[in-house]
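Written below as structure tokens is the structure these notes are about.
Order of the sequence lines sets the chain letters (A, B, ...), proteins ahead of strands, with each chain counted from 1.
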Protein chains: 2
Amino acid sequence: MSSYRLRVDNALRQYHAAVRTLPFRDTSGVAKYRHEVLAVVLRVCTGGSPRLEVLAWQRHHEPFEGRWALPSGPVEVDETMDAAMERHLATKLDLTTVRHSEQLASFSAPLRDPAERTIATAYLGLVAEHTEVSGEEVGWFATDRLPAMAFDHGEVVALAARRLQGKISYSNIAFALAPEEFTLAALREIYIGVLRHDVDVTNLSRVLSRRGQIEPTGRLVAPGDKGGRPARSYRFVERRLRITDPFAVLRAGGSPSSQGHRGAPGSH
Amino acid sequence: MSSYRLRVDNALRQYHAAVRTLPFRDTSGVAKYRHEVLAVVLRVCTGGSPRLEVLAWQRHHEPFEGRWALPSGPVEVDETMDAAMERHLATKLDLTTVRHSEQLASFSAPLRDPAERTIATAYLGLVAEHTEVSGEEVGWFATDRLPAMAFDHGEVVALAARRLQGKISYSNIAFALAPEEFTLAALREIYIGVLRHDVDVTNLSRVLSRRGQIEPTGRLVAPGDKGGRPARSYRFVERRLRITDPFAVLRAGGSPSSQGHRGAPGSH
DNA sequence: CCAAAAGTGTTTTGGATACACCCATGA
DNA sequence: TCATGGGTGTATCCAAAACACTTTTGG
């Protein structure tokens with residue numbers, strides 16, 4: 001190799017090294033940043049009192065060595081962030097059974113990654129309780145009792161939990177946390193785990209039925225050791241997110257088309 | 001300048017130019033992207049039938065020359081995206097009176113900017129009706145009758161309008177669209193513009209009063225040309241976003257503390 | 001026959017809507 | 001005094017909650 005090539009190569013190598021740690025601008029002066037996707041994978045665990053849990057893995061390198069972090073990874077040049085999210089979960093955790101996922105928010109504090117500025121877009125991913133993930137250093141943690149988290153990941157988990165808590169009240173999002181078929185008692189546990197307060201099975205059943213979210217499968221489930229009436233098995237009517245209760249307040253009203261039946265007196 | 005420096009400079013210049021148009025990876029193989037913030041600035045315009053309008057400016061260069069685009073700009077190396085948003089609106093449009101702003105979502109389709117891959121984080125910004133903005137080629141457009149928009153900006157506006165429409169039903173977000181003091185009639189127009197259906201003043205007043213969102217200032221507003229009773233002037237109690245109606249469905253219930261007064265019979 | 005678990009029937013509650021009616025002003 | 005617009009009172013509606021009661025199983 002010529003002396004010229006060597007010197008240029010050397011210059012480029014130094015330049016490259018600088019780019020990795022310093023903010024990089026192209027010749028038009030526009031800065032470029034690393035961009036990663038972050039997964040907040042949640043499930044409801046029902047051994048004991050039901051609780052919402054998040055998937056995390058333990059870091060082996062600085063920064064934040066030893067702390068727990070959310071699954072994450074870079075975005076490839078020809079893929080969307082949604083696709084990147086799916087790809088990282090599939091390749092790193094063998095996780096291909098996320099039942100619902102949606103974008104949460106993007107985090108841009110300049111020092112959130114002390115090694116290099118990295119903008120992160122967080123996703124919420126919901127899985128059923130008994131979902132297998134591979135990897136040795138992974139664990140599930142109750143979202144309200146997190147261990148020491150790396151980066152701003154604690155904040156991200158809190159946001160995800162709040163989002164889920166809101167959405168479970170006005171949508172059918174619980175479909176993504178429940179198995180294909182379930183008893184009302186099991187569904188109740190899921191709601192309790194997310195909402196963190198008691199839920200009346202009777203009313204839960206009637207609310208979800210009225211909204212057309214769930215329907216009985218016709219099958220029965222045998223009772224446990226200590227007897228009891230066998231439970232009916234239910235399923236969610238739709239397995240995609242649907243807003244079932246667009247806010248009741250200040251709604252259109254008046255137009256009979258939006259209400260179906262109206263003006264049927266004598267019921268009170 | 002030495003021949004050596006010249007040759008290195010030249011190599012770097014070529015390298016720089018390549019980086020600007022091709023996906024860039026640092027030496028660790030991680031791709032870096034341009035990242036911009038996008039502003040969806042909304043107001044309710046009440047001349048005629050009230051309508052929600054968005055601020056846009058006309059492009060003078062390719063790509064999408066002649067089309068209308070949302071205000072946008074890059075994120076500086078030491079600022080958060082929130083700060084970048086505020087900075088671009090202030091410097092480019094003299095707009096420093098955004099009453100409420102929040103992150104909407106990030107957009108990452110690889111070809112959304114045909115010139116170079118750019119990830120964009122969109123923000124919702126709300127202003128009062130008579131807010132001045134500088135700039136010659138800016139205009140306000142009804143969100144449901146947009147002109148041909150550049151990039152994916154039409155989609156972004158639609159998302160923002162939906163977000164606002166939802167939030168106005170369960171929060172005090174209208175404070176950011178209304179002037180400091182207003183009559184109930186004026187507030188009604190704002191709600192009609194956002195919700196796109198008629199709103200009963202009487203009920204609007206009672207709902208917002210019960211929720212503690214608005215209060216009378218004590219002042220009266222003189223009636224118009226054709227007479228009429230003078231209207232009371234109101235203000236929003238808080239000028240920060242507050243969720244006033246955390247979802248009524250499947251709420252905690254039972255605990256008397258969460259309800260205030262209970263068990264007062266004889267009202268039915 | 002009893003305990004346990006599932007499901008049904010019925011009452012109560014309270015926010016929200018609809019609408020008739022009263023009040024204050026200008027011409 | 002009348003048209004116009006603002007504000008109040010009240011009946012109605014209905015989803016949700018509360019809870020007592022019935023049904024079906026295991027021991």
Tabulate below the donor-acceptor pairs under 3.5 Å that side-chain atoms of residues 234-243 of chain B make, not counting sequence neighbours, or state none.
from     : atom 1 : to       : atom 2 : distance (Å)
B:Arg235 : NH1    : B:Glu215 : OE2    : 2.9
B:Glu238 : OE1    : B:Arg242 : NE     : 3.4
B:Glu238 : OE1    : B:Arg242 : NH1    : 2.6

>> Counting the atoms with a prime plus P, OP1 and OP2 as sugar-phosphate, which does A:Thr202 contact under 4.0 Å by heavy atoms, base, sugar-phosphate, or nothing?
In response: base
> CZ of B:Arg232 versus C1' of D:dG7: gap in Å, rounded?
Replying inline: 8 Å
> For the base of D:dG7, is there a side-chain donor-acceptor partner from B:Arg206 under 3.5 Å away?
Replying inline: no
> Is any side-chain nitrogen or oxygen of A:Arg188 closer than 4.0 Å to OP1 or OP2 of C:dG7?
Replying inline: no
> Could you state the CG-P distance from A:Asp198 to D:dA17, rounded to the nearest angstrom?
Replying inline: 12 Å
> Which nucleotide in the set C:dA16, C:dA6, D:dA17 lies at the smallest distance from any side-chain heavy atom of A:Ala185?
Replying inline: C:dA6
> Is the shortest side-chain N/O distance from A:Arg210 to OP1 or OP2 of D:dC14 below 4.0 Å?
Replying inline: no
>> Taking the minimum atom-to-atom distance to the side chain of A:Ala231, which one of D:dG7, C:dG7, D:dT8 wins?
In response: C:dG7
> Counting any heavy atom closer than 4.0 Å, what does B:Ala222 reach on the DNA or RNA strands: base, sugar-phosphate only, or nothing?
Replying inline: nothing
> Which sits closer to the 5' end of DNA chain C, A:Leu184 or A:Lys226, going by the nucleotide each is nearest to?
Replying inline: A:Lys226
> Please give, in whole Å, the distance from D:dT25 C1' to A:Arg229 CZ?
Replying inline: 9 Å
>> Determine whether A:Glu129 and A:Arg43 satisfy the following criterion, salt bridge (Lys or Arg N to Asp or Glu O under 4.0 Å), listing intermediate values before the conclusion.
In response: CA-CA 6 Å; A:Glu129 178 168 6; A:Arg43 72 171 187 190; over 6 Å; no
> Can you tell me how far C1' of C:dG15 sits from OH of B:Tyr170, to the nearest Å?
Replying inline: 19 Å
Listing, residues 220-232 of chain A side-chain donor-acceptor contacts under 3.5 Å, not counting sequence neighbours, or none:
none

> Expressed in angstrom and rounded to an integer, what is the separation of B:Leu220 atom CG from C:dT25 atom P?
Replying inline: 8 Å
> Looking only at atom types and distance, does a side-chain atom of B:His153 sit under 3.5 Å from a main-chain N or O of B:Leu70, one as donor and one as acceptor?
Replying inline: yes
> Closer to the 5' end of DNA chain D via nearest nucleotide, is it A:Pro223 or B:Pro230?
Replying inline: B:Pro230
> D:dC14 P sits how many Å from A:Asn203 CG, rounded?
Replying inline: 19 Å
> Is B:Arg188 salt-bridged to B:Asp198, going by a charged N under 4.0 Å from an acidic O?
Replying inline: yes
>> Can you measure B:Asp200 atom CG to D:dT8 atom P for me and round it to whole angstrom units?
In response: 13 Å
>> Measure NE2/A:His197 against P/D:dA16 and give the value in whole Å, please.
In response: 14 Å
